[in-house]
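Counting starts at 1 for both ligands and their atoms, in listed order. No hydrogens, no waters, no symmetry mates; every other heavy atom, side chains included, goes into these values.
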Amino acid sequence: MLNVGGIMEYSEEIFLHHLAPTNPYPFLIPVERAEGIYLFSPDGKRYTDLISGIGVNNIGHRHPKVIDAIKKQLDKHMHVMVYGEYIQSSSNVLAKKLTSLLPSSLDCLYLVNSGTEANEGALKLAKRLTGRTELVSFKKSYHGSTHGSMSVSGNEIKKTPFRPLLPDVRFIEFNNLADLEQITTRTAGVIMETIQGDAGVRVPSKAFMKQLRKKCDDTGAILILDEIQCGMGRTGTLFAFEQFDIVPDVLTIGKAFGGGLPIGAFISSRERMKELSHDPMLGHITTFGGNPVCCASALSTLEVITEGNILEEARRKGSLLESLLVHPHIRQVRHAGMMFAIDFDSEERVQRIVRTALDNGVIGFWFLSHPYSLRIAPPLTISDEQIRESCAVILKAIENS
Ligand SMILES: Cc1ncc(COP(=O)(O)O)c(C=O)c1O
């Protein structure tokens, strides 16, 4: 094992003792480098990353154009000032490029560092714009782990030890038209994952989305669509809301936005966004939001996603993957483009499949709020041959489960 200044680089003991755990059963894969759809351990073992580092590496690991853009920015400057003061090329060009790809009412970005921060900013904006306090969210949703985002997340078990959380949050059923009646003139904002991720890839109907949009228009509630997991090409369009003929008042993004570096954003109209700059001034601030290296990485990632045929290929490859995922143990396959949930009869079976696939060099995962499903969301750049190869490993793991 490699040794840096007398410290064993990939020591399990250091990892388990000196890095705070998130769960009792971490994967513990030692990763030395990553390229395309593969991770490599120091002993030369290769893993196929079928989860894109949980929705981040949509164009694979270390895309050469992204690496090049990061290096160029490093040679110019890194952090120079907190968000919102200096004019920097990387954030300017990123903002212009991204807003040119969005409806005209989404013409202004507030850059932050993560998905949960994007949602925090969006929730504050909804309160600031409406002067109301009630927030409406959906059962089984996941919006992040900070107090505000957790307050509007629908997984009760995960929230209990951290109460009190935000008051005045109402949860309604995803894709249930009748429940939309609970959005009223008391509601500041409605936050929804356009396609629910951690609930096991739940796709709403177009009728539901249209009615949701109408209900928000009628009541003046701000519609926030969280595309932190389902955005950036994952479902076959740059953003999933494009498939429902509606436009949110606020769009939140993160994960794959940075192409492997941490960056998020909440996006709305200039008109709305300016409200965060007065009464009080500095109503929302961040030190590292819009970090220039992250912006350079995000810009080149956006170019890669939108300038080739990655989006239409994501739709085609999603269908190919679906056609290969056939086995008597599989109860149901749900997918949107390249975002998959594969249902089995038990949580234990999913765990066995994930472990066996991992032993055979293929990384799949589970979902926070839907442990009966296997999670697969490969880099969109995966080839047909790589899809077939990795599916064969998954099917064998299912067979032996
Ligand atoms: C839909 C959704 N929203 C928000 C988040 C939180 O993002 P982050 O972990 O970057 O804070 C996630 C993360 O999984 C997510 O899937």
For this session: Indicate yes or no for a side-chain donor-acceptor contact from Asn360 to the backbone of Thr356 under 3.5 Å, with no hydrogens or angles considered.
Result: yes
Exercise. With backbone taken as N, CA, C and O and side chain as the heavy atoms from C-beta onward, which portion of Ile228 lies under 4.0 Å from ligand 1: side chain, backbone, both, or neither?
Worked result: side chain
Exercise. Do you see a donor-acceptor pair shorter than 3.5 Å between the side chains of Thr99 and Asp107?
Worked result: no
Exercise. Considering distance alone, does some N or O of Glu193 sit under 3.5 Å from an N or O of ligand 1?
Worked result: no
Problem set entry | Per-atom contacts, ligand 1 versus Lys255 - under 4.0 Å to a heavy atom | 12 (C), 13 (C), 14 (O), 16 (O)
Problem set entry | No-hydrogen, no-angle side-chain donor-acceptor test under 3.5 Å, Asn113 and Thr286 | yes
Problem set entry | Element-labelled atoms of ligand 1 that are located less than 4.0 Å from some non-hydrogen atom of Gly115 | 7 (O), 8 (P), 10 (O), 11 (O)
Exercise. Hey, would you say the Phe266 and Tyr110 ring centroids sit under 6.0 Å apart?
Worked result: yes
Exercise. Protein heavy atom under 4.0 angstrom of atom 16 (O) of ligand 1, is there one?
Worked result: yes
Exercise. Using a heavy-atom cut-off of under 4.0 Å, does the side chain or the backbone of Asn119 touch ligand 1, or both, or neither?
Worked result: side chain
Exercise. So, Arg334 versus Gln332: side-chain donor-acceptor pair below 3.5 Å or not?
Worked result: yes
For this session: Look at the side chain of Thr130 and the backbone N and O of Arg132, then say whether any donor-acceptor pair between them is shorter than 3.5 Å.
Result: yes
Exercise. Does ligand 1 have any atom sitting under 4.0 Å from a heavy atom of Glu117?
Worked result: no
Exercise. Out of Tyr142, Phe367, Phe257, whose heavy atom is nearest to atom 1 (C) of ligand 1?
Worked result: Tyr142
